[in-house]
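Have a look at the structure below, then the notes.
By convention here, the first residue in the shown sequence is residue 1. Remember, it's a predicted structure, so these values are computed and weren't measured experimentally.
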Amino acid sequence: MNNHLKTLREGRGWTQGALADRLGVSRQTVNALETGRYDPALPLAFRIARLFGQPIEAIFIPDEEPDAPAGV
């Protein structure tokens with residue numbers, strides 16, 4: 001899953017550590033989120049969305065889904 005987390009964080013002038021403190025997670029978690037190595041659980045995704053005042057779908061971009069089978 002891709003996301004705009006780094007852009008949003010940098011736009012506020014926050015370090016990864018500062019964002020981690022606001023979210024109650026480790027700096028390593030923020031780094032993993034920003035680099036797409038970790039997809040957040042739903043409660044964390046909601047905290048991120050509330051912190052930046054945006055809907056979840058404006059921050060996280062799901063990977064392309066394979067074409068649905070015929071008849072679905």
Check: His4 versus Ile61: any side-chain heavy-atom pair under 4.5 Å?
Finding: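 Yes; the side chains approach each other to less than 4.5 Å.
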Note to self: Quick check: do Val25 and Leu19 have side-chain heavy atoms less than 4.5 Å from each other?
What the structure shows: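 Val25 vs Leu19: side chains apart.
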Among all residues two or more places apart in sequence or in another chain, which pass the side-chain contact (heavy atoms from CB on, under 4.5 Å) test with [X]?
| X | answer |
| --- | --- |
| Thr15 | Ala18 |
| Asp39 | Met1 |
| Phe46 | Leu42, Arg50, Ile56 |
| Gln54 | Leu8, Ala58, Ile59 |

Checklist line | Partners passing side chain to side chain donor-acceptor pair (under 3.5 Å) against Arg22 (at least two apart in sequence or in another chain) | finding: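 Arg22: no side chain to side chain donor-acceptor pair (under 3.5 Å) contacts found.
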Check: What residues form a ring pair (Phe, Tyr, Trp, His ring centres under 6.0 Å) with Phe52, not counting sequence neighbours?
Finding: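 Residues passing ring pair (Phe, Tyr, Trp, His ring centres under 6.0 Å) with Phe52: Trp14.
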Next item on the list: Could you note down all residue pairs passing salt bridge (Lys or Arg N to Asp or Glu O under 4.0 Å) where residues 25-37 supplies at least one of them, sequence neighbours left out?
Entry: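 Listed by first then second residue: Arg9-Glu34.
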Check: Taking Pro40 as the fixed residue, which of Leu23, Thr29, Leu33 is the one that meets the side chain to side chain contact (heavy atoms under 4.5 Å, CB included) rule?
Finding: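 That would be Leu33; it is the only one of Leu23, Thr29, Leu33 passing the side chain to side chain contact (heavy atoms under 4.5 Å, CB included) with Pro40.
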